Amino acid sequence: GVSAAVLLLGVWGLDASATPRTGWDGRSLPVATAAMPEAAPIAFIQAATAPCPVAQLPVNGMPNWRVFRPYDIVYRGLIPYVMEPDWYWSLGSNPTGDTAGLAALPTVVSDAELIALADQGYCAVLYDKELARAAIDQDDTELPGRDLGEIRDPDFVSGRYSVYLLDPAP
């Protein structure tokens, strides 16, 4: 299942070395993690926090996994977990022990939901703009955390991702 896919992806596909791999058809398959769209936001979160739970939005995971096109969008959420397992990515590890909080998020997230996530123990939000766009394109109007409403500016922005650092509850 998912665990085997994650292990396979981690062992075979995500290799920061310059050693090229060869696919079944003989073509070279070099994968440099630094060039992946997940690398910069993960590095930002690592530099800003100690290992901690990170909420990945929109919420697309078990038990209500949705399939979007292009299909790679479905598994891309596992990549942060494979690249940096010391942080607790909500799609890869159920970091706070409570998936109900994530599944209960509204479609449009505001600052109030960011505060609630911080209160649940999350230290950051990794928002995937491409997953959100795929959900909109396929008329998924109920995907939790799909849209960002009245919300503060992100702490980090890249082409695909936005990162919001969360203040822990006092």
Side-chain angles (χ1 to χ4, degrees), residues 1-24 27-99 101-103 105 109 114 117-118 120-135 143-146 148 154-166 168:
V2 172
S3 297
V6 169
L7 181 60
L8 179 62
L9 184 63
V11 172
W12 179 79
L14 297 178
D15 182 4
S17 73
T19 306
R21 299 185 183 280
T22 303
W24 62 270
R27 292 185 299 166
S28 179
L29 299 173
V31 177
T33 56
M36 296 178 76
E38 293 80 7
I42 289 171
F44 176 80
I45 291 169
Q46 285 179 301
T49 68
C52 58
V54 178
Q56 292 173 262
L57 300 182
V59 178
N60 189 33
M62 301 299 180
N64 299 313
W65 201 291
R66 293 162 166 93
V67 176
F68 296 106
R69 289 184 189 91
Y71 295 117
D72 76 324
I73 285 193
V74 174
Y75 74 81
R76 296 294 303 194
L78 297 171
I79 291 175
Y81 176 74
V82 174
M83 288 178 76
E84 192 46 69
D86 289 341
W87 272 251
Y88 310 104
W89 308 94
S90 62
L91 187 59
S93 64
N94 186 13
T96 65
D98 176 22
T99 57
L102 287 174
L105 284 173
V109 172
L114 294 185
L117 288 171
Q120 292 173 36
Y122 290 96
C123 69
V125 168
L126 179 66
Y127 179 75
D128 185 338
K129 295 178 267 189
E130 287 186 24
L131 176 57
R133 190 172 22 256
L143 187 64
R146 184 191 77 179
L148 301 177
D155 297 290
F156 176 87
V157 177
S158 67
R160 180 176 180 143
Y161 294 100
S162 295
V163 173
Y164 297 86
L165 298 176
L166 305 178

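Index from 1, following the sequence. These figures come from a predicted structure and were not determined experimentally.
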If I take atom [atom1] from residue [X] and atom [atom2] from residue [Y], how far apart are they, to the nearest 0.5 angstrom?
{"X": "Y88", "Y": "C52", "atom1": "OH", "atom2": "SG", "result": "9.0 Å"}
{"X": "L166", "Y": "T49", "atom1": "CG", "atom2": "OG1", "result": "10.0 Å"}
{"X": "L165", "Y": "F44", "atom1": "CG", "atom2": "CZ", "result": "4.5 Å"}
{"X": "I42", "Y": "E84", "atom1": "CD1", "atom2": "CD", "result": "7.5 Å"}

Min side-chain heavy-atom separation [X]-[Y] under 4.5 Å:
{"X": "L126", "Y": "D128", "result": "no"}
{"X": "Y164", "Y": "L117", "result": "no"}
{"X": "P154", "Y": "V163", "result": "no"}

Atom of [X], atom of [Y] and distance for their closest heavy-atom approach:
{"X": "Y127", "Y": "A132", "result": "OH-CB, 3.1 Å"}
{"X": "Y122", "Y": "V54", "result": "CD2-C, 3.7 Å"}
{"X": "L143", "Y": "P58", "result": "CD2-CB, 3.4 Å"}
{"X": "Q56", "Y": "W89", "result": "OE1-CB, 3.1 Å"}
{"X": "L57", "Y": "V109", "result": "CD1-CG2, 4.3 Å"}
{"X": "Q120", "Y": "L102", "result": "OE1-N, 4.4 Å"}

Give a yes or no answer on whether the side chain of Y81 reaches the backbone of D86 with a donor-acceptor pair at less than 3.5 Å. no

Listed by chain and number, what are the side chain to side chain contact (heavy atoms under 4.5 Å, CB included) partners of S158, not counting sequence neighbours? P41, F156, Y161

